[in-house]
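Take a look at the structure below.
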Amino acid sequence: MAAGYGELLRSRHAARLLCGTLVGRLPSATGHIAIVLFVRAEGGGYALAGALAAVYGLATAVGQPLLGRAVDLCGQPRVMLPAAVLSGAGMVALAVVGIDPLPPAYAAVVTAGIFTPPLEGGLRALWPSVLGRADRVHAAYALDAVAQEVMFTAGPLLVTLFVAWWSPGAALLVINVLGVLGALSVAVSAPSRRWRSAPREAHWLGALRSPGLLALLGSFLFVGVALGSITVAAVAYADDHGRESVYGWLMAALGLGALIGGVVYGARQWAGEPERRLRLLVGLLALGYLPLALTPGVAAMTGLAVVSGLFLAPALACAFVVVDRHAPRGTVTEAFSWLVTVFGVGAALGTGAAGPAVEWGGTAPGFWVAGAGGVAALLVLLATTRVLNGRGRGGDPVVSSENDRNGAAEPGFSAGHQA
């Protein structure tokens, strides 16, 4: 298992691209927390802190597919670097100007969010041309999903450390400087500079004209709902047990489960259609969320949290493959960016739904929202089986790699080609 991942990371450019992307995504992984801490330190209330964080999240959701489309049209460096600088400048402006007056503060977070570079979609578009073989690309998708879980667990901790060492304003500055440096590392790399999307059909819907992609996005909207609701329900569970540390244990357990599941999933080759495998993984994911509503003692609940996280990274890794298979020719970065967007929107909806559920019926109903989200995600995939099985662009099976001009990637991959 370790040898397989070691071989992958020893591939030329692979470690640099993965590490650079993770560092470059630190601002998006920690931005909402950094904003809340900064606003509170400036004397603002929780309502203002939540509003600014929500505006930042909404702006990021809007900007990702737009910038992803720009990457497909213009190449990665021409979009990634200016976007990273503008996004970082927005957060720097917030740190310098503060929250009084409010309009500049809102303009700063909108700028930071909407210009967040689409590094996730960019990396997934690069993997086929960097790694060549389909089995390595599958493993890279799994490793990417695992690394994402680690980043979303470790990133907030990093922000709190910066706040403790310096100040919330300094945390904003440092995190965003690191983000620009990470984006720079990716954008000036040879694979990023050489990568070009395949020629695309001019269409205002872009990647969204693919019925299979729409089906997948609909499903992962509800996966996002499940994850967003768990964060709120876990806070309520920690309050019930009188220890704030319980929340940290539950979130760490979720991350550990995703880490274990992703590493195991990516360490082997999988036969059969990924669409069918995705239905199974999402079904297991939903099954793992349902027992959380039992809200047993802390030790048992921590164990349930580990189990509930086991199939998240595998489901994400499999979804990445399905996105690539269904993205219309020349739209793969935009397609991956749409997945990021709907996931974030779903998480926001889940957070919004779990709050009233907890106030209405206590902690267990908050976890019911998570279970309902998982079940809904599975139902969407089951209802769209025929659409997803017609996996080619326009419903035709993929028989060759349309976007890989040098033929490096195996059939089913279309993430780009080398100029």
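- Closest approach of Ala319 and Leu216 over heavy atoms only: O-CD2, 3.8 Å.
- The minimum heavy-atom distance linking Pro65 with Thr341 is given by the pair CD-OG1, 3.1 Å.
- Using a 4.0 Å cut-off between a side-chain N of Lys or Arg and a carboxylate O of Asp or Glu, Arg279 and Glu273 do not qualify as a salt bridge.
- Scanning both residues, Ala125 and Val332, for their nearest heavy atoms gives CB-CG1, 3.9 Å.
- Residues satisfying the salt bridge (Lys or Arg N to Asp or Glu O under 4.0 Å) criterion with Arg277, sequence neighbours excluded, are absent altogether.
- No donor-acceptor pair under 3.5 Å is formed between the side chain of Ser11 and the backbone N or O of Ala14.
- Taking Tyr56 as the reference, nothing meets the ring pair (Phe, Tyr, Trp, His ring centres under 6.0 Å) condition, with sequence neighbours excluded.
- Annotation: side-chain hydrogen bond (donor to acceptor under 3.5 Å, both in side chains) contacts involving residues 93-111, sequence neighbours excluded, are absent.
- Shortest non-hydrogen contact noted between Thr30 and Val159 is CB-CG2, 3.4 Å.
- No more than 12 heavy atoms of other residues, nucleotides or ligands lie within 6.0 Å of CZ in Arg276, so this atom counts as exposed by the packing criterion.
- Side chain of Ser87 to backbone of Ala83: no donor-acceptor contact under 3.5 angstrom is found.
- Sequence neighbours left out, the pairs with a member in residues 76-86 that pass side-chain hydrogen bond (donor to acceptor under 3.5 Å, both in side chains) are Gln76-Ser192.
- Residues Asp144 and Arg124 are paired through a salt bridge, judged by an N-O separation under 4.0 Å between the basic side chain and the carboxylate.
- Tyr265 and Trp270 have their aromatic ring centers within a separation under 6.0 angstrom.
- Summarising the geometry of Met251 relative to Ile230, their closest heavy-atom pair is CE-CG2, 3.9 Å, with the distance given to 0.1 Å.
- Side-chain atoms of Thr331 do not come within 3.5 Å of backbone N or O of Glu334 as any donor-acceptor pair.
- Without hydrogens or angle criteria, Arg193 side chain to Val188 main chain gives a donor-acceptor distance under 3.5 Å.
- Atom CD in Glu275 sits 8.0 Å away from atom CG in Leu278 (nearest 0.5 Å).
- Considering only residues two or more places apart in sequence or on other chains, Leu22 meets the side-chain contact (heavy atoms from CB on, under 4.5 Å) condition with Leu18, Arg25, Ala147, Met151.
- A donor-acceptor contact shorter than 3.5 Å is absent between the side chain of Ser229 and the backbone of Thr351.
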Throw together a table of side-chain donor-acceptor distances under 3.5 angstrom for residues 367-378, partners on residues two or more places apart or in other chains.
none

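- Across all non-hydrogen atoms, the minimal contact from Ser189 to Leu17 is OG-CD2, 3.4 Å.
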